[in-house]
Undergrad: 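The structure under discussion is supplied below as structure tokens; questions concerning it will follow.
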Amino acid sequence: MKKLLVFLLMFACAGAIAADSVRAQSFLEQLFGRWPDRNEKKEEKPREEVTPLIGTVYNSSNDAINDPKRQTKPTEFVVVIGDTMADQLAQGLAEAFFTERAEVAIVKKVRASSGMVRADFYDWIAEANKIIASEPATAFVIMLGANDRQPLRDAQGAHEFRSDRWREIYSQRIDQLLSVLKEKRVSIFFMGLPPTSSPRLTNDMAYINEIIRERSVKAEVRYVDIWEAFVDDKGQYVSTGPALDGQTRRLRLGDGIHFTRFGARKLAHYPERDLIRLFDARQRGPVIPFGTDGGPQIPGVKPLAGPILPLTMPIAPQGGLLGAKQNTNAVPGAIDPNAAKTLVEGVPQAAVPGRADDFGWPNRAPLVLTPTPN
């Protein structure tokens, strides 16, 4: 009996100690969180797959022509001009044309932290003269302005950003840049600036876009608006969004300004469409004149090309519309009398009795229902 009492006493003490331990652990978990279990496997957070850059961006057209890794020699050269955003744009264009357009080479002429305000730091107007003299460009794509939110100096002194004099001088410099590039007589695309994570910077980007759009229209240069590609349905900045592969991806870097690889590819999609149309127009063959023979006709073999038939020219001497004056020298074709009566004279055809368009009354041909056999 004494042994049984001792055993029950030990069991009760162990239960109390266990209960106190659980309460103590629960209290500590509330303060410091759950204690890690050595045997418990840690859940790994999914990592975004990092893929290597696709496509090569060259510093000059000569580098592209002499690249031993290119299987196809380039014949179309897109020269991208601008700052660090233009650098990312160039990489996005290189990826866009890498597989589908082997004849296209992307050449970048970029300078970080440059713009149209600090000509003492980097003079883009002077650099543009060197570019048109050295690069056999098919098109120019410009992306500048992100670094231009600062006072602008001239002979009269410094002018604050957004002042009337600042806007006047800034517009003049853009006009000069476009005027120099237009001497090359190739297509020019001026990219707009994107929104950023900073509301104040976003408003400044929109202000600079307004000037760029205005000067581009005046110079008859294509302005490319990219704003809607990097905002949500409420017009607010977003760092993630739909990418060109159909997935939701991170489009902007942590600074809220620059682009990820997926963002740069989406950025490049906007000038890409116009550039493809430009390439196709340049590579399209001459139109075959009307009536040109496509080659010897072999019975049973379809020719490679037939003559072009313009819609504004008759295909035969006797061609013409019904009702027009007939050429007495032409051989009249076989014309259906009913069609001529309706189309030429305008007389409607007589309704067939019992048909849906027979509106005569009383009904001349009553409908007869034939019973269906069971």
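Just so it is clear, the model here is predicted, and its values are computed rather than measured.
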Undergrad: Are the side chains of Asp225 and Tyr270 in touch, meaning some heavy atoms are under 4.5 Å apart?
TA: no

Undergrad: Could you walk me through whether Arg277 and Asp274 satisfy the salt bridge (Lys or Arg N to Asp or Glu O under 4.0 Å) test, starting with their C-alpha distance in whole Å, then the side-chain angles of each, then the deciding distance to 0.1 Å, before giving a yes or no?
TA: CA-CA 5 Å; Arg277 284 193 287 266; Asp274 292 322; 2.3 Å; yes

Undergrad: Would a 4.5 Å heavy-atom cut-off, applied to side chains only, mark Met143 and Leu267 as touching?
TA: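 SC-SC contact between Met143 and Leu267 confirmed.
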
Undergrad: Would you call Phe259 and Met85 a side-chain contact if the rule is heavy atoms closer than 4.5 Å?
TA: yes

Undergrad: For the side chain of Ser179 and the backbone of Asp175, is there at least one donor-acceptor N/O pair under 3.5 Å apart?
TA: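 Judged by distance alone, no pair lies under 3.5 Å.
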
Undergrad: Hydrophobic cluster membership, with links at side-chain heavy-atom distances under 4.5 Å among I/L/V/M/F/W/Y: are Leu178 and Leu89 in one?
TA: yes

Undergrad: If you measure from CE on Met205 to CG on Asp148, what distance do you get to the nearest 0.5 Å?
TA: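 So the CE of Met205 and the CG of Asp148 are separated by 9.5 Å.
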
Undergrad: Please tell me if the side chains of Ile208 and Phe161 come closer than 4.5 Å, counting only heavy atoms from C-beta onward.
TA: yes

Undergrad: Is Tyr122 atom OH crowded by more than 12 heavy atoms from other residues, nucleotides or ligands, each under 6.0 Å away?
TA: yes

Undergrad: For Val79 versus Ala137, what's the shortest heavy-atom pair and its separation?
TA: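 Looking at all heavy atoms of both residues, the shortest contact is CG2-CB, 3.6 Å.
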
Undergrad: On a heavy-atom basis, which atom in Ala229 and which in Leu251 lie closest, and how many Å separate them?
TA: O-CD1, 4.5 Å

Undergrad: Applying side-chain contact (heavy atoms from CB on, under 4.5 Å) between Met191 and each of Ile212, Val141, Asn209, Leu144, report the one that passes.
TA: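 By the side-chain contact (heavy atoms from CB on, under 4.5 Å) criterion, Met191 pairs with just one of Ile212, Val141, Asn209, Leu144: Val141.
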
Undergrad: Show your working on side chain to side chain contact (heavy atoms under 4.5 Å, CB included) between Ile65 and Tyr58 and close with a plain yes or no.
TA: CA-CA 10 Å; Ile65 296 173; Tyr58 300 94; over 6 Å; no

Undergrad: Does a side-chain heavy-atom distance below 4.5 Å link Glu103 with Pro74?
TA: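 The answer is no, as the side chains (C-beta and beyond) never meet within the 4.5 Å cut-off.
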
Undergrad: Quick check for you: to the nearest 0.5 Å, what is the distance between Ile174 atom CD1 and Lys218 atom NZ?
TA: 12.0 Å

Undergrad: What's the shortest heavy-atom distance between Trp124 and Ser114, and which atoms?
TA: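 So the two residues come closest at NE1-OG, 3.0 Å.
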
Undergrad: Report, as yes or no, whether the 6.0 Å neighbourhood of atom CZ on Arg162 holds more than 12 heavy atoms from other residues, nucleotides or ligands.
TA: yes

Undergrad: Does Arg111 make a cation-pi contact with Phe121 (under 6.0 Å, within 45 degrees of the axis)?
TA: yes

Undergrad: Do Trp166 side-chain atoms and Gln150 backbone N/O form a donor-acceptor pair below 3.5 Å?
TA: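 Looks like yes, one N/O pair under 3.5 Å.
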
Undergrad: Are the side chains of Glu135 and Ser60 in contact, using a 4.5 Å heavy-atom criterion?
TA: yes

Undergrad: Are Val107 and Val110 linked, directly or through intermediate hydrophobic residues, by side-chain heavy-atom contacts shorter than 4.5 Å (ILVMFWY only)?
TA: no

Undergrad: Decide whether a cation-pi geometry holds between Arg101 and Phe279; the criteria are a distance under 6.0 Å from NZ or CZ to the six-membered ring centre and an angle within 45° of the ring axis.
TA: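 No, Arg101 does not sit over the ring of Phe279.
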
Undergrad: Less than 4.5 Å apart, side chain to side chain, heavy atoms only: is that true for Val217 and Tyr223?
TA: no

Undergrad: For Asn129 and Ile132, indicate whether the former's side chain and the latter's backbone hold a donor-acceptor pair under 3.5 Å.
TA: no

Undergrad: Is the side chain of Thr138 donor-acceptor paired with the backbone N or O of Val78 at a distance under 3.5 Å, no angle test?
TA: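 Checked: no pair found.
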
Undergrad: Going from CZ on Phe189 to CD1 on Ile81, what distance comes out if it is rounded to the nearest 0.5 angstrom?
TA: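 Taking CZ in Phe189 and CD1 in Ile81, the distance rounds to 13.0 Å.
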
Undergrad: Report the C-alpha separation of Asp154 and Glu168 in whole Å, then their side-chain angles, then the decisive distance to 0.1 Å, and conclude whether the side chain to side chain contact (heavy atoms under 4.5 Å, CB included) test is met.
TA: CA-CA 11 Å; Asp154 66 350; Glu168 180 183 356; over 6 Å; no

Undergrad: For Lys73, is the NZ atom crowded, meaning more than 12 foreign heavy atoms sit under 6.0 Å from it?
TA: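 Yes.
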
Undergrad: Do side-chain atoms of Arg215 reach the backbone of Val221 as a donor and acceptor pair under 3.5 angstrom?
TA: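 Checking the backbone N and O of Val221 against the side chain of Arg215, no donor-acceptor pair under 3.5 Å is found.
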
Undergrad: Which atom pair, heavy atoms only, marks the closest approach of Ala90 to Val57?
TA: O-CG2, 3.6 Å

Undergrad: Name the residue from Gln91, Glu95, Glu272 that meets the side chain to side chain donor-acceptor pair (under 3.5 Å) definition with Arg265.
TA: Glu272

Undergrad: Does CG in Asp232 sit with more than 12 non-hydrogen atoms of other residues, nucleotides or ligands closer than 6.0 Å?
TA: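 Result for CG/Asp232: enclosed.
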
Undergrad: Set out, in order, the CA-CA distance, both residues' side-chain angles and the distance that settles side chain to side chain contact (heavy atoms under 4.5 Å, CB included) for Leu201 and Ile257, then state yes or no.
TA: CA-CA 9 Å; Leu201 179 56; Ile257 299 176; 3.9 Å; yes

Undergrad: Kindly determine whether Arg149 and Tyr207 satisfy side chain to side chain contact (heavy atoms under 4.5 Å, CB included), including the steps that lead there.
TA: CA-CA 10 Å; Arg149 302 164 51 252; Tyr207 173 76; over 6 Å; no

Undergrad: Got a second to check how far Arg252's CZ is from Thr196's OG1, nearest 0.5 Å?
TA: 7.0 Å

Undergrad: Which atom pair, heavy atoms only, marks the closest approach of Ser61 to Ser134?
TA: OG-O, 4.2 Å

Undergrad: Looking only at heavy atoms, which two atoms of Ala139 and Val186 are closest? And how far apart?
TA: CA-CG2, 4.3 Å

Undergrad: Tell me if a side-chain donor or acceptor on Ser216 pairs with a main-chain N or O of Arg222 at a distance below 3.5 Å.
TA: no

Undergrad: Taking Pro242's backbone N and O only, do any of them form a donor-acceptor pair with Lys266's side chain (distance below 3.5 Å, no angle check)?
TA: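 Yes; judged by distance alone, with no hydrogens or angles, the pair exists.
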
Undergrad: Within the distance-only criterion (no hydrogens, no angle test), does the side chain of Thr248 pair as donor or acceptor with the backbone N or O of Gly241 below 3.5 angstrom?
TA: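 Checked: no pair found.
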
Undergrad: Atom CE of Met116 and atom CD1 of Ile169: how far apart are they, to the nearest 0.5 Å?
TA: 12.0 Å

Undergrad: What distance do Arg118 atom CZ and Leu152 atom CG have between them, rounded to the nearest 0.5 Å?
TA: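 CG of Leu152 is found 10.5 Å from CZ of Arg118.
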
Undergrad: Treating Ile, Leu, Val, Met, Phe, Trp and Tyr as nodes and any side-chain heavy-atom pair under 4.5 angstrom as an edge, say whether Val231 and Ile226 lie in one connected cluster.
TA: yes

Undergrad: Do Ile276 and Val224 sit in one hydrophobic cluster, given that two such residues count as connected whenever their side-chain heavy atoms are within less than 4.5 Å of each other, even indirectly?
TA: yes

Undergrad: Heavy-atom distance under 4.5 Å between the side chains of Gln156 and Arg165, does that happen here?
TA: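 In short, these two side chains touch, coming nearer than 4.5 Å.
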
